[in-house]
Amino acid sequence: MAKINFGGVVEDVVMRDEFSLDKAREALKNEVVAVLAMASKARRRALNMRDNGINVIVGQWRATRPPGTRR
């Protein structure tokens, strides 16, 4: 397990070689992962999880105004 310093807080990070996709599928086989996001990148990541066999629900905030407009 790697240790990474995020702004003065040291976090333990599980690396891909320590926790494979097969282990993730097994750990999440009876779970539903909800991804709530404002950015399209999160939606793409959630769809990637779905394509890899994980049950995912995607919720995405939709702007009420066109991008680039001010209130």
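Position 1 is the first residue of the sequence, and the numbers go up from there. Below, all heavy atoms of this structure are taken into account, side chains as well, without hydrogens, waters or symmetry copies.
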Side-chain polar contacts of residues 4-11 - donor-acceptor pairs under 3.5 angstrom, sequence neighbours left out - could you list them?
from : atom 1 : to : atom 2 : distance (Å)
N5   : OD1    : G8 : N      : 2.7

Pairs involving residues 20-31, ordered by first then second residue, that meet side chain to side chain donor-acceptor pair (under 3.5 Å) (sequence neighbours left out) = D22-R25, E26-K29

Does some side-chain heavy atom of V33 sit less than 4.5 Å from a side-chain heavy atom of I57?
-> no

Are any of the side-chain heavy atoms of V56 and V58 separated by less than 4.5 Å?
-> yes

Considering all heavy atoms of both residues, which atom of A27 and which atom of F19 are nearest to each other, and what is their separation?
-> CB-CZ, 4.2 Å

Contacts of type side chain to side chain contact (heavy atoms under 4.5 Å, CB included), residue M15, not counting sequence neighbours = A2, V13, D17, E18

Expected list for residues 41-54: side-chain donor-acceptor pairs under 3.5 angstrom, two or more places apart:
from : atom 1 : to  : atom 2 : distance (Å)
R44  : NH1    : S40 : OG     : 3.3
N48  : OD1    : N52 : ND2    : 3.0
N52  : ND2    : N48 : O      : 2.9

